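Reviewing the structure listed below.
Keep in mind that what you see is a predicted model, and the values were worked out from it rather than measured. So that the names make sense, note that chain A is the first sequence line, chain B the second, and so on, each numbered from 1.
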Amino acid sequence: MSDPLQPSLLAGFDLGSTLPGTPKTAEQLPVARVVIDSALPHLDRPFDYLVPAELDAFAQPGVRVKVRFGGQELAGFLSERLEHGEPGVKLQPLGAVVSPEVVLSAPVLATARAVAERYAGTLWDVLRSAVPPRMARVEKETGTAAEATETNPPETNPPAADPGPVDPRVPNRHADDAPVGDQHGLHPHSVDSRDLGPSHVDPLHSPLLAEYDGGAHFAAELAAGNSPRAVLSAVPNRPGHWPALLLEAALAANESGRGALIVVPDARDLARLCTLLDERIGAGNYVRLSAEDGQTPRYRNFLRVARGNTNLVVGTRNAAFAPVKDLGLAIIWDDADTSHAEPRAPYHHAREVLLLRSEIENAALLVAAPGRSAEAQRLIRSNWALELRASRALLRAHAPRVIAASDEFEQNRDPLLHAARLPAAAWREAKRALERGPVLVQVARTGFMPALRCERCRTSARCTKCTGPLALDDARGAPSCGWCGLVAAGWSCAECGFMRLRAASIGADRTVEELGRAFPNVNVVAATGAKPLHHVPDAPALIVATPGAEPVAEHGYAAVLLLDGDRMMSREGLRTGEEVLNRWMGAAQLARGHEGAPGMPGGGTVVVAGEPSEPMRALVRFDAGAYADAELGERRVLGLPPAVRTALVRGPAATADKFVAALGFGDDVRLHGPVLEGEGEHRWLLFYSYAQGPAVTRKLRTLRASFSAAKEPILAIRVDPDGIL
DNA sequence: AGCACGCCGACT
DNA sequence: GTCGGCGTGCTC
């Protein structure tokens, strides 16, 4: 498709052809401030350019641009238009406006800045995950930027914050060939809460939220245009409960005329949520944003949001930056799930992104989960958010009966059950439950390295060099040290000299085999990350699943067996207990209630096997909040995260040491290190209070910038790293 | 990463 | 006196 608009956009202002006299620049707001694509920390600041007259109309805040910078052409985003640049700086002309689409809204930019600051990273690193890569063809498809002009006529000279993408002073050729509205079913209509009808949005019609203490008030506040903040642990035993609950909150926010955003951990949860949304409000009335949808669909959906064609966005972690117009409510589901953490620098977590964003945009925030993260508990403790609590009566009505099978575990003499590491109580319950419906068996992920013990005396196997715990490496099948990685060939027990380790590392597949023998004539299937299974029928079967991959049963599981608690608990780490409880709660939530509800079968039972532990007691009481609160209290006493904040600095020994010394922190920042890591690398850990967080990360950023300017090797900095302690 | 500017040494 | 080596630092 030949497009007469593109050449003029892309050619931009040609540097070489300096015409007689000064090249014409835009008459109004001739200076464009640009965020450039640079990996160098000391260039992580805006630079100003002159706007050539011919780019004036397109050079609006939020568009992608190309600029000449230090002899090379760089990509960037135009952040604002100004009357003057810094005095005494010679400005270069803007190179080109890549596309008139406004892809970076002012509040999203402000959020990205706050995230970069909070994680001591560069703005561009954050923007890379906030704005999906451009797919040029998608922009031409249907409903161009001109559509927005039609529905939302901009003023003669849009102010900086106005998202109106195209200045009407320039004839827009798109206006002629692009039909307004939609002929291909992509944009049925702009979704305004008014279109949805009152039956969906009346706060009195938030029955699920209203079941929680303060929930009805929360919904009413949202509908009234206020911005409350809340943490909620979802009541178990109601398949499909959480998507409906979150939708109620989102619709309440929509009713106030504001947009809503729901962020879920992974594609599976997103599929569940979308199924409900399709059913309740229709596929065209919300937008999903997920990196797993592929580049082109992702950008297509992103554009729908950027053009303001929706007021409900759902997606995975990057959707936390979705440019929802007038955001009224941000929701994060299951914030304890590790998928919410971005795996690339600056490793930001979707919960923290939404926290910052809700403050910047004055939006409401809802942190909802099957369990409770220590961070979410902190929000309650500090009175930043209120807790929407399920009453004990509500819990009792819906929670399954939880049985802790700790004592009989070791006395289990039945070889079949022993092989399947099934306590007799678990076997009994499963046998009974199979007469009434499906049974879920949660086993540890294969990648979850269990600590090994001597097969004869049960002494835990330790590394001969560093006394770290030995674990089985799936790839090699040989035990190796979990700390130093040394392969323990020819291991023998330090206590009794026995040479065999207790068999461990049983994946879901082997559990399927063992259970098949323990339960003849029962259908046994596996559901793992590699072989996902979304739904299971309401028929008797054993479903073996790894944490996070549990399929949903239509009317809940008759029983849920949590088998690998000890293996999961044996992992070293500060947050192991919390993680294990969250995994258990996630699975236990899929069980039927013990009492049953109208139209729902009862008799649901959860059997948790393993040594007695705090997480196990919390599961029995079905109270993740109390557990998180106790943990947080303990961490505060010990000065450990997330009661305090941490930062990690790693790099070549000399540079890292010099850097930490130059930080010049006083006693209020605890310093641990250096720890030798790899080839001549040093690792330092910093512990500091939340109050000092901004000051510490600011110092980390500025010092890193000056080190980078001085051509020192770039240091790895991670703020609040997970899984280090 | 490139490009300017600068200080010093070599050559017309 | 002018040209050009590449070393340090800035890049709107």
Look only at the side chain of [X] and the backbone of [Y], and say whether a donor-acceptor pair between them is shorter than 3.5 Å.
X: A:R128; Y: A:P133; result: no
X: A:R701; Y: A:G121; result: yes
X: A:H672; Y: A:F687; result: no
X: A:D44; Y: A:L123; result: yes

Check: Can we say A:R134 and A:E101 salt-bridge, meaning some charged N sits less than 4.0 Å from an Asp/Glu carboxylate O?
Finding: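 Salt bridge: no.
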Next item on the list: Could you tell me whether A:D56 and A:K24 have a side-chain N and a carboxylate O separated by less than 4.0 Å?
Entry: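 So A:D56 does not pair with A:K24 through a salt bridge.
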Check: Does any residue of residues 120-129 of chain A have a heavy atom under 4.0 Å from DNA chain C, and if so, which ones, in number order?
Finding: none
Next item on the list: May I have the distance from A:F707 (atom CZ) to C:dG9 (atom C1'), rounded to whole angstrom?
Entry: 17 Å
Check: Among all residues two or more places apart in sequence or in another chain, which pass the salt bridge (Lys or Arg N to Asp or Glu O under 4.0 Å) test with A:E375?
Finding: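 For A:E375, the residues satisfying salt bridge (Lys or Arg N to Asp or Glu O under 4.0 Å) (neighbours in sequence not counted) are A:R351, A:R575.
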Please list each protein N or O that sits under 3.5 Å from an N or O in nucleotides 10-12 of chain C, with the distance.
{"residue": "C:dT11", "atom": "O4", "partner": "A:H42", "partner atom": "NE2", "Å": "3.3"}
{"residue": "C:dC12", "atom": "O3'", "partner": "A:D48", "partner atom": "O", "Å": "2.3"}
{"residue": "C:dC12", "atom": "O3'", "partner": "A:Q92", "partner atom": "N", "Å": "2.8"}
{"residue": "C:dC12", "atom": "O2", "partner": "A:D48", "partner atom": "N", "Å": "2.7"}

Margin query: Students often mix this up, so state it plainly: with edges at 30° and 60°, are the rings of A:F321 and A:H348 parallel, tilted or perpendicular?
Written below: perpendicular
